[in-house]
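Chain letters run A, B, ... following the sequence lines, proteins first and then strands; every chain starts at 1. Quick caveat: nothing in here was measured; it's all calculated off a predicted structure. Note that these values count all heavy atoms, side chains included, but never hydrogens, waters or copies made by symmetry.
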Amino acid sequence: MARPRPAPRRGRRRRGGGVSAMKLRFAPSPTGLLHVGNARVALANWLLARKGGGAVLLRLDDTDTERSRAEYAAALEEDLRWLGLDWDESFRQSDRLARYAAAAERLKASGRLYPCLESEEELRFKREQRLRQGRPPIYDRAALKMTPEQLERARANGKEPYWRFKLSGTSIEWEDGVLGRRAVKLPSLSDPVLIRADGSPLYTFTSVVDDLESGITHVVRGEDHVTNTGVQIDLWEALGGDPEALRFVHLPLLLDSDGGPLSKRLGSLSLRQLRRDGIEPAALTGYLAALGTSHDPVPGMPPELVERFDLGAVSHSPARFDVQQMLALNRHLLHTAEFESVRERLPEGADPAFWNAVRGNLDLLGEAKQWWEVARGTVVPPAQPGEGEFLRAALDALPPEPWDKETWTGWTGALKGATGRKGKALFLPLRLALTGEDHGPDLHDLLPLIGRDRAAQRLRMAATG
RNA sequence: GUCCCCAUCGUCUAGAGGCCUAGGACACCAGCCUUUCACGUUGGUAACACGGGUUCGAAUCCCGUUGGGGACGCCA
C-alpha cells in the first residue's frame with residue numbers, strides 16, 4: 001500500500017537559484033505555562049535552526065478558543081526568553097483566519113472537505129460501540145452518504161455542518177529525523193475534523209496551512225505527533241504542498257523521574273516554578289539538550305550548545321527528566337561560575353572575594369544570600385551546652401585585625417596549644433558559633449569576611465547561650 | 001480494546017555477531033587533600049527484563065512474554 005515517493009533530495013532550490021535555508025518553528029498553544037517537555041522541543045528547534053543557519057518562527061497555536069488565554073501567550077514569550085531563546089518571526093493563528101478559510105474553500109472545491117452533522121454524543125456512542133466490538137474507534141464516514149437535500153433541510157432548521165478532511169486511504173511514509181523510516185496507515189484513522197460548525201479551524205488544519213505558507217522546512221516536535229504526521233502529510237499534499245520540502249523530526253517523549261507520564265508533574269516542572277526555585281537557565285538548557293542523547297550534559301545557554309547538538313545522538317526511547325540530575329548540573333555550574341556572570345543577582349555589596357569563598361558550597365544561587373548574612377549580617381549561633389569555656393577561650397585568643405587568609409590558621413593553632421583540642425572538637429564549635437551552621441565554606445576565606453567585630457560578638461553570644 | 005514505538009548500571013547512555021571479564025557521564029560509596037564539614041582530587045560498587053530459537057559464537061539477529069510510553073477528540 002506504500003505509495004511511491006522519490007528519494008529525498010539534499011536541498012531544495014528556490015528562485016534565485018540558491019539552496020533554500022532552513023526554517024523551523026516552535027508552536028506552543030497558549031493554554032498553560034511552558035514546562036520542561038515543550039521547553040525541550042523549543043530548544044531542539046532553536047538549536048537545529050541555528051546550527052543550520054536557519055530561521056526560527058514562534059507561532060502561537062491559539063485556535064482552541066475555549067482554553068487559549070492572552071496571559072499565557074505573554075508568559076510563554078517571557079519563559080522562552082529566560083531560557084535564552086529568540087525568534088526571527090512570530091504570529092498567532094487567530095490572526096490568520098482568512099487564510100484558513102481560503103484553504104478550506106480549495107479543499108471543498110477538490111472534494112476533500114465534506115460536511116458532517118452528527119452530534120458529539122452520536123459520535124461518542126459510535127466510538128464506544130466500535131470499541132466494544134474490539135475494533136478501532138474510527139469514524140465510519142456516514143456523512144459522505146448524506147444527500148444535498150438532507151444538508152439543505154438541516155441548514156433550513158438552523159443546523160450548520162462541521163467539516164472533515166477525506167483521508168486519501170494510502171499509507172504515508174517518511175524518513176524521520178530521529179526515528180528513521182516511519183509509516184502511518186491512513187485507513188486506520190478517522191477523517192479529521194478541520195472546521196467546526198461555527199467556522200473555526202482546528203489544529204490539524206491550521207498547522208499544515210501555516211507550515212506550508214510560512215515556508216517551514218523542518219517540523220520538530222514530540223513523538224506524540226507521529227500519527228498526526230501521516231494525516232498532515234496527506235493534507236499537505238491535498239493543499240498542493242511538495243512532500244519533499246518538509247522534513248519531520250520526532251523526539252521521544254520525556255517521562256517523570258519515576259518513569260511515568262510527565263503530564264502529572266507539569267505544575268512543578270513549569271519553567272515558572274523552576275525559575276522561582278532558583279534554577280539557572282543554563283543548567284536547564286544544558287540538561288535538556290543532552291537528555292535522551294548519548295552526550296554528557298554540560299551546562300550552557302543555547303548559543304553554547306549549538307555546535308554539539310546532534311539529532312544522530314538522540315535515542316529512540318523515552319527519557320526520564322530527573323530533577324536531581326538537573327540540580328547536579330546547576331551545582332557544577334555555580335561552583336565554577338565567575339563573579340561577573342552572577343554579580344547582579346548577588347546581594348548588594350557582594351564582591352569577588354565573597355563569591356569565590358562561597359560558590360563551592362552552593363546548590364542554588366539564592367543560597368548565597370544566607371552566606372552573605374554570615375559574612376556581613378547577623379547570625380544567631382545555636383546553643384552549645386558545655387562549650388562555654390572553650391568558646392570564651394576562643395574569644396580571648398582572637399587576634400587583632402587586619403585579618404587575612406592566614407588568620408584562621410594562626411588563631412586555631414593558638415587555641416589548639418592552649419586547650420589541647422584538635423580536629424572536629426576544635427573546629428566544629430567554632431564553625432557553629434561563627435556561622436550558625438555545621439558545614440559551609442572554608443573558614444580561611446570566610447573568617448576575614450566576617451571580621452573581628454562580628455566574630456567576637458558571635459563567640460560571646462555562643463559562649464553564654 | 002485496536003494500532004505504533006521502546007527495553008543495557010539508580011539516571012542518561014556506548015554497544016550495529018567474536019574487539020565485552022559490557023565502556024563513559026551524573027548520582028552513590030571510599031581513599032587522599034584540608035588539624036572540621038563542604039569544595040577539590042583519586043579510586044570503587046553497580047546493568048544486558050524474561051523465555052524460546054538462529055549461530056561454532058548473541059547485549060547485539062528472529063519469535064513470544066512481560067514491562068513502559070504513545071495514538072485512536074468538533075484538544076494541541
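- Of the nucleotides present, none pairs with B:A22 by Watson-Crick or G-U wobble criteria with both distances under 3.5 Å.
- When the P atom is used for both B:C3 and B:A59, the distance is 31 Å, rounded to whole Å.
- Among the heavy atoms of the strands lying under 4.0 Å from A:Gly413 is at least one base atom, whether or not backbone atoms are also near.
- Residue A:Leu131 is in base contact, counting any heavy-atom pair closer than 4.0 Å across all strands shown.
- In terms of position on RNA chain B, the residue among A:Pro441 and A:Glu223 whose nearest nucleotide sits closer to the 5' end is A:Glu223.
- Between B:U36, B:A27, B:A76, one nucleotide has an atom nearer to the side chain of A:His332 than all others, and that is B:A27.
- Annotation for A:Glu389: atom CD does not count as buried by contact number, only 12 or fewer foreign heavy atoms lying within 6.0 Å.
- Between the side chains of A:Arg182 and A:Thr229, no donor N or O sits under 3.5 Å from an acceptor N or O.
- B:C6 and B:A49 have their P atoms separated by 15 Å, with the value rounded to a whole Å.
- Across B:C63 and B:C56, the matching C1' atoms stand 23 Å from one another, rounded to whole Å.
- Taking every side-chain heavy atom of A:Thr409 into account, B:U35 is the closest of B:C26, B:A71, B:U35.
- The side chain of A:Arg127 sits closest to B:G73 out of B:U13, B:G73, B:U11.
- Summarising the base pairing, B:A46 is matched to no nucleotide, lacking a Watson-Crick or G-U wobble pair whose two defining distances lie under 3.5 Å.
- Counting any heavy atom pair closer than 4.0 Å across all strands shown, A:Asn228 reaches a base atom.
- Distance, A:Arg130 CZ to B:G1 P: 18 Å, rounded to whole Å.
- Across the P atoms, B:A30 and B:A46 are found 16 Å apart, a figure rounded to whole Å.
- In this structure, CZ of A:Phe205 is placed 13 Å from P of B:A76, rounded to the nearest angstrom.
- Spacing between atom CG of A:Asp224 and atom P of B:C3 amounts to 21 Å, rounded to whole angstrom units.
- For A:Arg67, the side-chain atoms get nearest to B:C75 when compared with the rest of B:C75, B:G24, B:C12.
- A:Asp322 and A:Ser257 are not linked by any side-chain donor-acceptor pair at a separation below 3.5 angstrom, with hydrogens and angles left out of the test.
- With a cut-off of 3.5 Å on both pairing distances, B:C9 has no Watson-Crick or G-U wobble partner at all.
- Nucleotides B:C20 and B:U60 have their C1' atoms positioned 11 Å apart, rounded to a whole Å.
- Distance from the side chain of A:Ser317 is smallest to B:A7 among B:C26, B:C74, B:A7.
- Pair assignment for B:A16: none, as no Watson-Crick or G-U wobble contacts are both less than 3.5 Å.
- Note on A:Ser188: nothing from the nucleic acid sits closer than 4.0 angstrom, heavy atoms only.
- Between A:Leu235 atom CG and B:A76 atom P there is a gap of 14 Å when expressed in whole angstrom units.
- In this structure, A:Leu194 reaches neither bases nor backbone, as no heavy-atom distance under 4.0 Å exists between it and the strands shown.
- The distance from atom CD of A:Glu122 to atom C1' of B:C74 is 13 Å, rounded to the nearest whole Å.
- If you check B:C74, B:U36, B:A71 against the side chain of A:Thr227, the one that comes closest is B:A71.
- With both ends at atom C1', the span from B:C50 to B:A16 equals 23 Å, rounded to whole Å.
- Among the atoms of the strands shown, base atoms are found under 4.0 Å from some heavy atom of A:Asn361.
- Regarding A:Trp411, its CH2 atom lies at a distance of 16 Å from the P atom of B:U35, rounded to whole Å.
- For the pair A:Ser200 and B:C74, the criterion of a side-chain N or O lying under 4.0 Å from OP1 or OP2 is not met.
- Among the nucleotides B:G70, B:U36, B:U2, the one closest to the side chain of A:Phe427 is B:U36.
- When each of B:C4, B:C37, B:U35 is scored by its nearest atom to the side-chain atoms of A:Arg182, the top-ranked nucleotide is B:C4.
- Between the base of B:U35 and the side chain of A:Thr412 there is a donor-acceptor pair shorter than 3.5 Å.
- A sub-4.0 Å separation between OP1 or OP2 of B:A76 and a side-chain N or O of A:Thr63 is present.
- The distance between atom CZ of A:Phe26 and atom C1' of B:A76, rounded to the nearest whole Å, is 11 Å.
- For the pair A:Thr435 (side chain) and A:Leu432 (backbone), a donor-acceptor distance under 3.5 Å is absent.
- Under the 4.5 Å side-chain criterion, counting only non-hydrogen atoms from C-beta, A:Trp174 is not in contact with A:Arg247.
- Remark: B:G40 base-pairs with B:C32; criterion is Watson-Crick or G-U wobble with both hydrogen-bond distances under 3.5 Å.
- We find that A:Lys108 and A:Glu105 are joined by a salt bridge, their nearest charged nitrogen and carboxylate oxygen being less than 4.0 Å apart.
- Counting any heavy atom pair closer than 4.0 Å across all strands shown, A:Glu120 reaches a base atom.
- For the pair A:Leu202 and A:Pro136, both in contact range of RNA chain B, the more 5′-proximal nearest nucleotide belongs to A:Pro136.
- A:Gln129 comes within 4.0 angstrom of nothing in the nucleic acid, heavy atoms only.
- For A:Asp64, taking side-chain heavy atoms from C-beta onward, the closest of the listed nucleotides B:C74, B:C26, B:A76 is B:A76.
- Closest to the side chain of A:Gln325, from the set B:G1, B:U11, B:C74, is B:U11.
- Centroid-to-centroid, the aromatic rings of A:Trp408 and A:Phe427 come within less than 6.0 Å.
- The neighbour count for A:Lys126 NZ, taken as heavy atoms of other residues, nucleotides or ligands under 6.0 Å away, is above 12.
- Across B:A47 and B:U21, the matching P atoms stand 15 Å from one another, rounded to whole Å.
- Dashed line: the shortest gap from a side-chain N or O of A:Arg331 to OP1 or OP2 of B:A27 is under 4.0 Å.
- Residues A:Val219 and A:Asn45 form no side-chain contact, since every pair of their non-hydrogen atoms from C-beta on lies 4.5 Å or further apart.
- In this structure, A:Arg320 reaches the sugar-phosphate backbone alone: every heavy-atom distance under 4.0 Å involves primed, P, OP1 or OP2 atoms, never a base.
- In terms of phosphate contacts, A:His225 brings no side-chain nitrogen or oxygen within less than 4.0 Å of OP1 or OP2 of B:A76.
- At the heavy-atom level, A:Pro261 lies under 4.0 Å from the strands shown only through sugar-phosphate atoms.
- Within the shown strands, B:C72 is the pairing partner of B:G1 under the Watson-Crick or G-U definition, both distances less than 3.5 Å.
- The C1' atoms of B:U34 and B:U42 are separated by 15 Å, rounded to the nearest whole Å.
- Across every strand in view, B:U55 sits unpaired, with no contact that passes the Watson-Crick or G-U test at under 3.5 angstrom.
- A:Trp372 and A:Phe354 have their aromatic ring centers within a separation under 6.0 angstrom.
- When rounded to the nearest whole Å, the span between OH of A:Tyr203 and P of B:G73 equals 15 Å.
- Contacts of A:Gly134 with the nucleic acid, taken as non-hydrogen atoms under 4.0 Å apart, involve only primed sugar atoms and P, OP1 or OP2.
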